[in-house]
Amino acid sequence: MEIGGRMLWPLLSGLGRRKGTRGWAFSSWQPCRPLAGLLSATELVSHWTAVFEKRGIPEAQASISEPEASTSDPVPDPLAATVRPEAEWLSIAKGLVEWVLEEVAQSSCAAGAQGGPLILEVGCGSGAISLSLLSQLPQSRVIAVDKGEAAICLTQENAQRLRLLDRIQIIPLDVTLEGSWAHLLPWGPMDLIVSNPPYVFHQDMEQLAPEIRSYEDPVALDGGKEGMDIITHILALAPWLLKDSGSIFLEVDPRHPELVGSWLQSRSDLSLDLVAVRQDFCGRPRFLHIQRSGPQHGCPVEARPGPQPARVPG
């Protein structure tokens, strides 16, 4: 499978966002290095192209120059400060999608009974990750869940605009509620779970850039004391939903690989193993691949999934 970096970038960056509806997670982000003295759009593009090439991001020039910046006119400092984090966040989202695509291409789930994997995205935001995967995996199907009404509506709009509604089921769901996983059982066991959850350490919330604090809903960013609140809910949910050897792909804070690994060791009953950690283009451990190593858990006797919805088209 050829992974189209030139295709993924405009898709990720072109999906609409509303205030407080995030397409990717924001962390207590710091740039790779200061860009003091880079005052033109051309210089900014040249800098980030070099960074991307150093970190092995495919088609670096095409990635950073969407939209094109061909002018040498000075860029005001406030604009430069805005361009830097936006470029990095988009690249992080792209990095997560590309890793999932690589793993699908190498795994048996790429040739399942339906011709492609069934993917659950937890916290779909604008739908950027789900819709990027659907566009690159023509036989795949996605269940996208989010507790926010705005996120559900925006993902629906973006799926309709991209003509992908026939392969995505968008469900309002709060995975932190007890028994929430039961509502997903009728859709069938999943090949993959993908999520870009709120993972900012609570103590780091005040250190976020002012434009993030004023624009984003804190609930979509704050991951609790160690940034793990939603992550642990997803991991606890996974054994009930994943197929045998199914995988979870998460975007996390660079401090989380060690924390998640320790947490999984303390919860051997979940039969989940942290099998790989991947760095972002700044060399920080940012993505986790977790795999289920035991048989799928049965449905607890107290679970009451309720009426079963129709299957996802496929």
Side-chain angles (χ1 to χ4, degrees), residues 11 15 21-24 93 96-97 100-101 103-104 107 109-110 112-160 162-177 179-197 230-231 233-251 272 290-292 296-297 299 303-314:
L11 180 58
L15 295 180
T21 304
R22 49 195 268 284
W24 49 88
L96 179 62
V97 170
V100 174
L101 293 176
E103 294 295 329
V104 168
S107 69
C109 71
Q114 298 289 343
L118 176 60
I119 303 167
L120 169 67
E121 185 186 6
V122 179
C124 56
S126 67
I129 291 175
S130 287
L131 299 176
S132 295
L133 291 172
L134 285 174
S135 71
Q136 296 289 299
L137 300 170
Q139 302 302 315
S140 64
R141 297 162 296 142
V142 166
I143 311 296
V145 304
D146 200 296
K147 69 176 183 179
E149 182 180 355
I152 294 295
C153 293
L154 186 54
T155 299
Q156 185 91 11
E157 292 172 10
N158 286 328
Q160 183 172 10
L162 295 170
R163 300 181 180 179
L164 293 171
L165 275 176
D166 61 328
R167 292 193 288 126
I168 186 170
Q169 187 70 34
I170 306 163
I171 303 173
L173 187 71
D174 184 349
V175 298
T176 66
L177 297 179
S180 60
W181 56 269
H183 297 282
L184 298 172
L185 287 177
W187 301 104
M190 313 290 174
D191 295 289
L192 304 170
I193 296 175
V194 181
S195 185
N196 178 2
I230 304 301
I231 292 172
H233 277 289
I234 293 171
L235 296 177
L237 178 108
W240 308 104
L241 301 175
L242 281 176
K243 292 180 179 178
D244 189 20
S245 299
S247 291
I248 309 162
F249 291 89
L250 300 175
E251 178 189 325
L272 295 174
I290 298 161
Q291 194 166 38
R292 197 167 68 80
Q296 186 182 21
H297 285 34
C299 179
R304 296 292 184 269
Q308 293 196 0
R311 293 274 176 175
V312 177

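Just so it is clear, the model here is predicted, and its values are computed rather than measured.
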Atom of Leu184, atom of Met190 and distance for their closest heavy-atom approach: O-CE, 4.1 Å
Arg167 side chain to Pro138 backbone, donor-acceptor under 3.5 Å: yes
Rounded distance [0.5 Å steps], CD1 in Ile143 versus CD in Gln169: 6.0 Å
Heavy-atom pair of closest approach, residues Arg292 and Leu242: NH2-O, 3.1 Å
Donor-acceptor contact below 3.5 Å, side chain Ser130 vs main chain Gly127: no
Pairing residues for Thr155 by the side chain to side chain contact (heavy atoms under 4.5 Å, CB included) criterion, not counting sequence neighbours: Cys124, Ile168, Ile170
Note, Val122 side chain near Pro197 side chain (heavy atom, < 4.5 Å): no
Nearest heavy-atom neighbours spanning Gly188 and Leu118: O-CD2, 4.0 Å
For Gln160, side chain to side chain contact (heavy atoms under 4.5 Å, CB included) partners two or more places apart: Leu165
Asp146 side chain to Gly125 backbone, donor-acceptor under 3.5 Å: yes
Pairwise distance CD1(Ile234) to CG(Leu120) - rounded to 0.5 angstrom: 8.5 Å
Trace of the side chain to side chain contact (heavy atoms under 4.5 Å, CB included) decision for Ile248 with Leu192: CA-CA 6 Å; Ile248 309 162; Leu192 304 170; over 6 Å; no
CG on Leu96 to CG on Leu101, rounded to 0.5 Å: 9.5 Å
For Leu164 against Ser135, the heavy-atom pair lying closest together: CD1-N, 4.4 Å
Contact summary for Leu133 and Ser140, nearest pair of heavy atoms: O-OG, 4.0 Å
Partners meeting side-chain hydrogen bond (donor to acceptor under 3.5 Å, both in side chains) with Thr176 (sequence neighbours left out): Asp174
Straight-line distance of Leu237 CG to Ile230 CD1, nearest 0.5 Å: 11.5 Å
Separation between CD1 of Ile119 and CG of Leu137, rounded to the nearest 0.5 Å: 5.5 Å
Nearest atoms (heavy-atom pairs only) where Glu121 meets Ile129: OE2-CB, 3.6 Å
Main-chain N/O of Ser247 paired with Gln291 side-chain donor or acceptor, under 3.5 Å: no
Gap between atom CZ of Arg163 and atom CG of Leu131 - 0.5 Å precision: 14.5 Å
Side-chain heavy-atom pair His183, Ile171 within 4.5 angstrom cut-off: no
